[in-house]
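Accompanying notes for the structure given below.
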Amino acid sequence: SVSHSQITRLYSRFTSLDKGENGTLSREDFQRIPELAINPLGDRIINAFFPEGEDQVNFRGFMRTLAHFRPIEDNEKSRDQNGPEPLNSRSNKLHFAFRLYDLDKDDKISRDELLQVLRMMVGVNISDEQLGSIADRTIQEADQDGDSAISFAEFVKVLEKVDVEQKMSIRFLH
């Protein structure tokens with residue numbers, strides 16, 4: 001759970017982003033966040049804040065999405081096992097990351113979707129051919145059921161050894 005002081009800080013961050021002062025943020029408001037402006041996946045992360053078909057997000061929605069990025073505190077690791085999983089749990093972080101790739105929401109990352117993300121991340125310094133072979137290799141390594149795409153389960157397996165905690169803790173508060 002988020003502490004009172006964190007909520008206050010987030011709220012002041014929210015209001016400073018809310019240029020229209022109407023209690024909601026637009027995509028343009030998010031594009032002013034420097035960490036997102038320089039992030040190659042910035043637009044996709046921004047999209048994650050907006051429910052299907054909406055173009056405004058209120059403070060509640062802002063908090064909900066940000067919760068995915070909060071680093072897990074040590075005291076949270078021993079939480080109630082029967083309670084709901086926190087939004088910033090490893091598996092929820094992975095789901096969030098998976099959705100940044102899976103644009104058509106068919107629960108698979110296709111070669112084409114992977115290529116789009118790779119292209120955003122490496123920019124223009126690499127030929128389509130090289131990108132294609134990186135995509136093919138990635139899928140080959142991950143694909144276990146032979147459908148030439150990466151399912152969520154396969155995605156999780158590939159990232160088993162990656163410290164998602166550190167890589168996916170965007171610190172909006174500092």
Side-chain angles (χ1 to χ4, degrees), residues 25 27-55 57 61-74 76-77 79 81 84-174:
L25 301 180
R27 284 186 169 75
E28 290 66 51
D29 291 330
F30 278 96
Q31 281 153 359
R32 293 192 188 88
I33 300 175
E35 299 94 318
L36 288 178
I38 61 169
N39 187 318
L41 295 182
D43 283 343
R44 299 214 179 168
I45 294 171
I46 291 170
N47 278 333
F49 281 88
F50 295 87
E52 202 67 44
E54 301 283 309
D55 50 10
V57 61
F62 178 72
M63 292 250 316
R64 240 194 100 74
T65 303
L66 274 185
H68 288 94
F69 295 104
R70 233 165 29 84
I72 291 185
E73 313 295 341
D74 288 334
E76 291 180 275
K77 295 202 168 100
R79 66 185 176 79
Q81 290 309 310
E85 196 167 23
L87 283 170
N88 65 337
S89 68
R90 181 178 171 90
S91 109
N92 276 324
K93 282 192 160 118
L94 286 169
H95 260 118
F96 188 86
F98 184 79
R99 287 195 296 268
L100 294 179
Y101 288 85
D102 178 22
L103 279 187
D104 62 6
K105 300 188 172 65
D106 66 350
D107 294 326
K108 284 183 178 18
I109 300 169
S110 66
R111 178 178 192 268
D112 200 45
E113 287 170 328
L114 189 56
L115 269 175
Q116 283 185 47
V117 173
L118 287 170
R119 162 73 58 221
M120 289 176 191
M121 290 174 80
V122 300
V124 288
N125 323 337
I126 231 180
S127 73
D128 285 344
E129 216 171 319
Q130 286 169 300
L131 273 185
S133 70
I134 295 172
D136 291 334
R137 211 171 46 241
T138 307
I139 287 179
Q140 242 166 13
E141 283 170 22
D143 181 23
Q144 295 177 317
D145 56 13
D147 65 352
S148 305
I150 303 173
S151 68
F152 181 64
E154 291 165 344
F155 184 75
V156 170
K157 245 191 131 41
V158 171
L159 291 177
E160 245 166 13
K161 301 175 184 57
V162 176
D163 186 355
V164 178
E165 279 318 301
Q166 292 317 308
K167 295 210 174 21
M168 268 197 69
S169 300
I170 297 180
R171 302 192 182 260
F172 278 93
L173 291 178
H174 299 276

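Predicted, not measured: the structure shown is a model, and the values here were computed from it.
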State, with a plain yes or no, whether a side-chain heavy atom of Ile45 is found less than 4.5 Å away from one of Leu36.
-> yes
Calculate, to the nearest 0.5 Å, the distance between atoms CD1 and CG belonging to Ile33 and Leu25 respectively.
-> 7.5 Å
What are the two closest non-hydrogen atoms of Asn39 and Leu41, and how far apart are they?
-> OD1-N, 2.7 Å
Leu114 versus Ile109, closest heavy-atom pair with distance = N-CG2, 4.0 Å
Heavy atoms, side chains only, cut-off 4.5 Å: are Phe98 and Val156 in contact?
-> no
List in chain and number order the residues that pass side chain to side chain contact (heavy atoms under 4.5 Å, CB included) with Arg111, two or more places apart in sequence or in another chain; answer none if no residue qualifies.
-> Leu115, Ala135, Asp136, Ile139
Write down the atom of Ala37, the atom of Gln31, and the distance for their closest heavy-atom approach.
-> CB-O, 3.9 Å
For the atom pair CD1 (Ile46) and OG1 (Thr65), what is the distance rounded to the nearest 0.5 Å?
-> 12.0 Å
Do other residues, nucleotides or ligands put more than 12 heavy atoms under 6.0 Å from Arg32 CZ?
-> yes
Which is it for Lys157 and Glu154 under the salt bridge (charged side-chain N to carboxylate O under 4.0 Å, His left out) test, yes or no, and what are the steps along the way?
-> CA-CA 5 Å; Lys157 245 191 131 41; Glu154 291 165 344; over 6 Å; no
Pair listing, salt bridge (charged side-chain N to carboxylate O under 4.0 Å, His left out) test, anchored in residues 37-55, at least two apart = Glu52-Lys105
Using ring-ring contact (aromatic ring centres under 6.0 Å, His included) as the criterion, list what pairs up with Phe50, not counting sequence neighbours.
-> Phe30
Residues two or more places apart in sequence or in another chain: which of them pass side chain to side chain donor-acceptor pair (under 3.5 Å) with Arg99?
-> none
Mark yes when over 12 heavy atoms from residues, nucleotides or ligands other than Met120 sit less than 6.0 Å from its CE; otherwise mark no.
-> yes
Answer yes or no: is there a donor N or O on one side and an acceptor on the other, between the side chain of Asp107 and the main chain of Phe152, under 3.5 Å?
-> no
How would you list, by chain and number, every residue that makes a side chain to side chain donor-acceptor pair (under 3.5 Å) with Gln130, sequence neighbours excluded?
-> Ser127
Interatomic spacing from CD in Gln140 to CD1 in Ile150 - rounded to 0.5 Å | 11.0 Å
Considering non-hydrogen atoms only, spot the tightest contact between Ala67 and Asn88 and give its length.
-> O-CB, 3.0 Å
Mind checking the CG-NE2 spacing from Leu87 to His95? Nearest 0.5 Å is all I need.
-> 12.5 Å
Residues 138-150 vs salt bridge (charged side-chain N to carboxylate O under 4.0 Å, His left out), sequence neighbours excluded, gives Lys108-Asp147
Inter- and intrachain pairs under salt bridge (charged side-chain N to carboxylate O under 4.0 Å, His left out), touching residues 113-131, at least two apart | Arg119-Asp128
Indicate the atoms forming the closest heavy-atom contact of Ala149 with Ser110, along with that distance.
-> CB-CA, 4.3 Å
Mind checking what makes salt bridge (Lys or Arg N to Asp or Glu O under 4.0 Å) contact with Arg27, not counting sequence neighbours?
-> none
Test item: Ile134 and Ile126 side chains (from C-beta on) under 4.5 Å apart, heavy atoms | yes
Nearest heavy-atom contact between Phe96 and Ala48 is CZ-CB, 3.4 Å
